[in-house]
Number of protein chains: 2
Amino acid sequence: MKKTEDGTDWLFDEEVNESGDLTEKQKRIVKAAVEMFQEKGFSASSTSEIARRAGVAEGTIFRHYRTKKDLLLAIVTPVMSHLVAPFIVKDLDKVLKTDYEHYEDFLRAIVKNRQTFIRKHLPIVKILIQEIPFHEELRTQFIEHVAKDLFDRFEKVIIHFQKKGELIQIPPSSAIRLSITAILGFFLARYIMVPEREWDDENEIELTVQFILNGLKAQ
Amino acid sequence: MKKTEDGTDWLFDEEVNESGDLTEKQKRIVKAAVEMFQEKGFSASSTSEIARRAGVAEGTIFRHYRTKKDLLLAIVTPVMSHLVAPFIVKDLDKVLKTDYEHYEDFLRAIVKNRQTFIRKHLPIVKILIQEIPFHEELRTQFIEHVAKDLFDRFEKVIIHFQKKGELIQIPPSSAIRLSITAILGFFLARYIMVPEREWDDENEIELTVQFILNGLKAQ
DNA sequence: CCTCCTAATGAGTGATTACTCACTTTATTA
DNA sequence: TAATAAAGTGAGTAATCACTCATTAGGAGG
C-alpha cells in the first residue's frame, strides 16, 4: 500500500487507509458521517440522522464504533497522520542535496504535493480543523505527530538553505511561520474561503512561491 | 462612545458596544456563554449549564434572548462588524496621501491596530471563527460587511501603491491575499496556535512586515 | 438439515435538550 | 404610596440525545 520511501520518491501521495477492510454498511456510515459533520459540526450531528442517511439501523453504528466520538476519530486520525507524510523521510539532508538544489524547488514540490492531498481529503481536513480545539486526543496527537515533525523537518530545511546563503538570517521558526502561512493562506483562500471563484492554480501557486522567495531572500 | 473619524485618527480602537445597556445578570450570562462556547463549542454548550455558571435561572436567559442562537449572535455580531472598522473611512485616498507615504507605514499601522483589537476580543473572535461555517446569517453578514469592505478598501490601497511604483504588478487580489495571510498567520500563530510561547511581538511584527514588503516589492 | 457465528436490527432506556409560562421580586414612575 | 412595568424565577414540557440489548437474518461448514 505504501511506496518505498528510499529518498528519491518520497513525495508520493499515499492512500489513507480508506475503504480497505470496511464492510459495505460501514463505508456508508462513514460517508454519511463525513457529510453531516461537515454540514452541522460534530456535536450538532445526531447518530440517528447519520444512520438514516446511511440507510442503516442506528444500532449498526454502535456495532462498529463504540461511541460517536470513536466514529469521529476513526474518520479523522488517519488523514491527520498523513498530512505531513512527505516530510517523514529518513535521510532528509541527502534528499535536499539531490532533489532540491534551491529552496524554490523544495517549496514548489511541497505545495503541489500537498495540494493533491488536500483536494482529495478536503471534507475530512475541514472536519479535522473544526474539531481539533474540542478534543484533547486530537490536539495532543496533532502536536506530537504533526506539528512537531513538521516543525523539526522544516527547520532543518530552512537552516540548510540559510547556510547555502539563499535565505535571510532570521530565526528559523519565523521563516517557517512565514512560509507555512503563505502556503496555508493559499489553500485556505482556494479551497475554503472562496472555492467558487475560478482559480488559475498554476499562476497563483507561482505567485505564492515567488512571494515567499522574495520575502525570505538573503539581502 | 465613538471617536470622530475625520481622516487622521481613523485607526483608533473603538468600544464594541459591550456592557452598555445590559443588566448585571445579562452580563453574567454573556460572560458564561463566551466561556462555554469557547471551551466546548456552541452546539455542545447547554443553556442549563450556561445558566448555572452565570448563577442565574435558566429562564432568565430566554427572557433576554429568544433562542440560544440569538445569544450567540448577540455576542458575536458586534465584534464581527468592528473587525474591519479601521478600513471604513470616507476619504481613503486622502488618508493614504497624508498618513501613509509608503505601503510599509500602512501595513505597520494596520497590524498594530488590529493586534490590540484581537487581543482584547480574542475569545469572541475564536468563537466567531468556529461558528461561521455553521450559521448562514454569520456567513452572509461576514461576506457582505467584512470581506467585501475589507477587500474593496484593501484593493484601493494596493492599486495606490502599485501606481506609485512601490509594489509589484500582480493582480491586486493576489497581493491582498498574500498580505492578509501573512498578517493573519502571525495572529494565528501568536494567539491561537502557540500563545504559550514567549513572543517578541515587536520583532515578530517587524519580520512579518519586512517579509510582505520584500515579497511584494516592485522588481 | 442443523449448528455456529457474526452482522444487523430497532424498540426501548434514562438522561438531557431548548424552551415555556404562571408566578414572584425589584425597579420606575405618577 | 399605589400602580405599572420590567427582570427574574424554576418547575414543567415534549422532543431528542447517545447508547443498549434481546432478537433476527444470512452465510459457511459439516
Side-chain angles (χ1 to χ4, degrees), chain A residues 17-77 127 130-131 133-138, chain B residues 17-77 127 130-131 133-138:
Chain A
N17 170 44
E18 56 191 351
S19 63
D21 42 358
L22 302 183
T23 69
E24 193 54 43
K25 306 222 166 190
Q26 229 173 326
K27 289 183 205 166
R28 299 231 303 275
I29 291 170
V30 167
K31 186 163 168 268
V34 168
E35 278 178 31
M36 284 217 58
F37 290 165
Q38 182 162 223
E39 282 173 28
K40 328 172 97 185
F42 172 76
S43 283
S45 303
S46 69
T47 50
S48 66
E49 199 185 338
I50 293 174
R52 232 196 50 233
R53 285 208 200 184
V56 159
E58 198 172 354
T60 309
I61 293 179
F62 292 95
R63 173 146 318 267
H64 296 287
Y65 308 95
R66 277 178 45 261
T67 65
K68 184 182 153 194
K69 188 162 183 169
D70 275 7
L71 174 57
L72 171 71
L73 297 181
I75 290 173
V76 133
T77 50
I127 295 170
Q130 275 293 327
E131 297 303 328
F134 305 129
H135 306 273
E136 181 63 26
E137 318 88 315
L138 285 183
Chain B
N17 170 46
E18 55 190 351
S19 64
D21 41 358
L22 301 185
T23 69
E24 193 55 41
K25 305 223 165 190
Q26 228 173 330
K27 289 183 208 167
R28 298 232 303 275
I29 290 170
V30 167
K31 184 160 169 269
V34 168
E35 278 178 32
M36 284 219 58
F37 290 165
Q38 185 165 210
E39 281 173 28
K40 329 171 95 185
F42 171 76
S43 285
S45 303
S46 70
T47 50
S48 66
E49 198 185 338
I50 293 174
R52 232 196 50 233
R53 285 208 199 183
V56 158
E58 198 172 351
T60 310
I61 294 178
F62 292 96
R63 171 143 320 266
H64 296 286
Y65 307 95
R66 276 178 46 260
T67 64
K68 185 182 150 194
K69 187 162 183 168
D70 275 7
L71 173 58
L72 171 71
L73 297 181
I75 289 173
V76 133
T77 50
I127 295 170
Q130 273 293 328
E131 297 303 328
F134 304 129
H135 306 274
E136 181 63 25
E137 318 88 316
L138 286 183

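Just so it is clear: chains get the letters A, B, ... in the order the sequence lines come, proteins before strands, and each one is counted from 1. Values below: every heavy atom of this structure, side chains too, minus hydrogens, waters and symmetry copies.
Applying the salt bridge (Lys or Arg N to Asp or Glu O under 4.0 Å) rule to pairs touching residues 54-65 of chain A yields nothing, sequence neighbours excluded.
A search for ring pair (Phe, Tyr, Trp, His ring centres under 6.0 Å) contacts involving A/Phe37 returns A/Phe42, not counting sequence neighbours. With sequence neighbours excluded, the residues that form a side-chain hydrogen bond (donor to acceptor under 3.5 Å, both in side chains) with B/Lys69 are B/His135, B/Glu137. Listed by chain and residue number, A/Ser46 satisfy the side-chain hydrogen bond (donor to acceptor under 3.5 Å, both in side chains) test with A/Ser48 (two or more places apart in sequence, or in another chain).
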Can you give one letter per nucleotide of nucleotides 16-21 of chain C, 5' to 3': B if a protein heavy atom sits under 4.0 Å from the base, S if only from the sugar-phosphate, - if neither?
-> -SBBB-

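Residues A/Leu71 and A/His64 are not in side-chain contact: their nearest non-hydrogen atoms beyond the backbone lie 4.5 Å or more apart. Residues A/Tyr65 and A/Leu72 form no side-chain contact, since every pair of their non-hydrogen atoms from C-beta on lies 4.5 Å or further apart.
Atom CZ in A/Arg28 sits roughly 13 Å away from atom C1' in C/dA7 (whole-Å rounding).
With respect to the salt-bridge test (charged N to carboxylate O, under 4.0 angstrom), the residues A/Glu24 and A/Arg28 do not qualify.
In the 5' to 3' direction, nucleotides of DNA chain D lying under 4.0 Å from heavy atoms of chain B begin and end at D/dA7 to D/dG10.
Here the CZ atom belonging to A/Arg52 is positioned 8.5 Å from the CE atom belonging to A/Met36, to the nearest 0.5 angstrom.
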